[in-house]
Amino acid sequence: MPKRIKKEYIAPWEKAFDRVLTPLEAFIHRQTTSGILLMLCAVLAILLANGPWKEAYQHVLHLPFTIGVPGFELSKSLHHWINDGLMALFFFVVGLELKREILVGELADFRQALFPIFAAIGGMVVPVIVYMALNPGGAAFDGWGIPMATDIAFALGTLALLGARIPKNLLTFLVALAIIDDLGAVTVIALFYTASLNTMALVLAGGAVILLAALNLGGIRKPLPYVLIGVVLWIAMLKSGVHATLAGVILAFTIPMRPKYDPVRFMEQINSMVSHIRQAYKNEENIIKNDELRARIRALGKGVQLVQAPAQTLERNMHLPVAYLVIPIFALANAGIPVDWASLGSVITHPVSLGIAAGLFFGKLIGITGFAWVAVKMGVAALPDGLNFRHIVGVGFMGGIGFTMSIFIAELGFADDPQNLLMAKTGILVASILAGISGFVWLYFTSEKPAAGEDAPEAFEPY
């Protein structure tokens with residue numbers, strides 16, 4: 001019997017598209033790309049805020065935008081929709097990361113997690129102390145939470161530029177530290193940057209959370225029910241006085257992390273399904289005519305979905321739109337700082353700017369490195385394999401890159417104080433630039449150069 005030729009349909013333009021899209025997709029998935037895009041959007045925002053388009057830039061950001069129907073509608077400026085709406089998606093991904101790391105990641109083993117936990121606590125506490133020392137009271141005091149945050153996209157992108165000079169464990173350590181840092185920032189936002197509370201809205205939000213938990217306990221794995229109730233939760237949080245973006249974190253923690261089938265059960269089911277697919281194929285080779293074959297293949301696809309954890313699938317699917325759309329748009333809307341060169345010196349030395357810059361640059365370095373060193377010396381935690389304290393100092397510098405989350409907290413802390421908000425954003429940008437350059441230079445010259453012919457470590461993908 002002649003061997004059957006395996007058929008594969010290739011559309012007329014498919015090969016041409018592959019030649020174009022394959023290198024583009026590889027570029028998009030590089031760890032450095034999102035950091036580069038974020039930096040470009042920040043630079044563009046500064047240019048727009050200081051060029052001939054500055055009035056148009058501000059006008060667009062303050063354009064009213066309304067959704068809903070008469071009698072039940074939400075009307076906010078475009079700037080508010082970006083910060084309250086789009087950023088909820090960013091916090092959703094942060095929540096998914098937190099849940100994964102706590103259950104199965106670097107934070108699942110408590111003993112192993114102690115080292116990044118101590119480093120992260122130091123990286124939050126010391127910057128706050130530095131800021132408070134320079135701004136002990138008054139309206140400026142409200143910015144105390146700004147220097148405690150690290151921007152994971154910028155920090156990882158800068159660290160990944162070093163390639164084989166650094167061990168992959170250092171990237172893993174930075175991810176664990178930044179995720180704990182995010183958890184601290186989320187807690188601070190919930191407890192200290194909350195407006196007056198609306199009891200009825202909080203009750204509605206509580207009801208939504210109960211429904212989400214019921215979906216999880218009921219074994220519902222399709223994302224649509226969670227999304228619909230998540231929208232209700234977001235609206236309730238928006239009206240409650242608690243910042244609406246926290247709805248993203250709460251929603252993330254209700255998404256199931258356990259798959260329906262374990263790999264062994266899945267392989268058993270696959271073997272059975274393949275046998276049925278072969279039998280159906282013998283009856284009719286044309287899948288368009290063969291109802292049974294199509295049904296069997298659909299069942300196979302459903303099994304593939306059920307062997308994957310819904311939370312991890314969503315985290316992977318949400319990474320690209322958040323990293324390449326949400327965060328760059330946030331940077332474009334919030335990094336536009338008017339620069340008055342004549343008074344730049346007084347702006348940089350303003351207590352708010354100085355407190356944030358010193359908190360991020362010096363506070364993060366001292367806090368991360370110092371607390372990590374104390375934890376090791378006390379025998380509470382151990383250095384991860386392959387790392388030394390020169391690596392930890394480098395991460396201490398990188399931790400001072402506080403762009404996205406720091407600006408977000410600044411928008412909350414100085415919502416009604418545009419002067420201090422300008423000072424805060426200036427301090428964040430100055431510290432982030434200095435921290436990124438210092439961390440890169442430190443690790444470049446203190447880390448061992450890879451041997452000739454040694455391959456760079458595989459691309460690190462935190463999502």
Side-chain angles (χ1 to χ4, degrees), residues 34-35 38 87 90-102 105-107 112-131 143-159 170-193 243 245-246 248-249 252-253 322-323 327 356 359-372 375 381 384 391-410 412-413 428 431-432 435-436 439 460 462-463:
S34 60
L38 189 57
M87 285 300 285
F90 166 75
F91 277 86
F92 177 65
V93 173
V94 168
L96 291 173
E97 289 175 351
L98 281 169
K99 185 172 183 177
R100 171 172 53 80
E101 289 295 327
I102 290 169
E106 291 296 312
L107 307 180
Q112 184 179 344
L114 281 174
F115 187 72
I117 287 173
F118 268 87
I121 291 172
M124 290 184 282
V125 171
V126 177
V128 171
I129 293 172
V130 171
Y131 182 86
W144 63 267
I146 298 170
M148 66 181 291
T150 295
D151 190 298
I152 189 170
F154 256 145
L156 279 176
T158 306
L159 199 59
L170 192 62
L171 288 160
T172 307
F173 167 65
L174 178 56
V175 169
L177 183 147
I179 286 175
I180 299 165
D181 188 288
D182 282 345
L183 179 60
V186 167
T187 304
V188 165
I189 290 169
L191 296 178
F192 302 104
Y193 289 93
H243 203 270
T245 51
L246 298 181
V249 178
F253 270 79
V322 167
I327 296 179
I356 290 169
L360 283 171
F361 188 78
F362 295 109
K364 284 285 185 182
L365 174 62
I366 296 168
I368 291 171
T369 308
F371 273 55
H391 293 131
I392 306 306
V393 170
V395 168
F397 278 119
M398 296 292 189
I401 304 174
F403 191 80
T404 306
M405 190 70 85
S406 291
I407 289 180
F408 187 82
I409 297 174
L412 297 177
I428 292 166
S432 297
F460 183 81
Y463 299 95

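These values consider heavy atoms only, across backbone and side chains, with no hydrogens, waters or symmetry-generated copies.
In this structure, Phe362 places its CZ atom where only 12 or fewer heavy-atom neighbours from other residues, nucleotides or ligands lie under 6.0 Å away. At most 12 heavy atoms of other shown residues, nucleotides or ligands fall within 6.0 angstrom of atom CZ in Phe118.
The line from CD1 of Ile366 to CZ of Phe361 is 10.0 Å long, rounded to the nearest 0.5 Å. Rounded to the nearest 0.5 Å, atoms CG (Leu177) and CZ (Phe115) are 9.0 Å apart. Here the CG atom belonging to Leu412 is positioned 14.0 Å from the CZ atom belonging to Phe192, to the nearest 0.5 angstrom. Rounding to the nearest 0.5 angstrom, the gap separating the CZ atom in Arg100 from the CD1 atom in Ile179 is 6.0 Å. With rounding to the nearest 0.5 angstrom, the CD1 atom of Ile129 is 11.5 Å from the CE atom of Met148.
In terms of heavy atoms, Phe173 sits closest to Ile392 at CE2-CD1, 3.8 Å. Scanning all heavy atoms of the two residues, the minimum distance from Gly359 to Pro127 falls at O-CB, 3.3 Å. Between Val126 and Phe371, the closest heavy-atom pair is CG2-CE1, 4.0 Å. In terms of heavy atoms, Ala149 sits closest to Ile409 at CB-CD1, 4.4 Å.
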Expected list for residues 395-406: side-chain donor-acceptor pairs under 3.5 angstrom, two or more places apart:
residue: Thr404; atom: OG1; partner: Asp151; partner atom: OD2; Å: 2.4
residue: Ser406; atom: OG; partner: Ile146; partner atom: O; Å: 2.9
residue: Ser406; atom: OG; partner: Gly402; partner atom: O; Å: 2.5

Review item, side-chain donor-acceptor pairs of residues 180-191, under 3.5 Å, at least two apart:
residue: Asp181; atom: OD1; partner: Thr150; partner atom: N; Å: 3.0
residue: Asp181; atom: OD2; partner: Lys364; partner atom: NZ; Å: 2.6
residue: Thr187; atom: OG1; partner: Leu183; partner atom: O; Å: 2.8

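With a 4.5 Å cut-off on side-chain heavy atoms, Glu97 and Val93 count as touching. Using a 4.5 Å heavy-atom threshold, the side chains of Val322 and Phe92 count as separate. You'll find the side chain of Thr245 stays beyond 4.5 Å of the side chain of Phe90, heavy atoms only.
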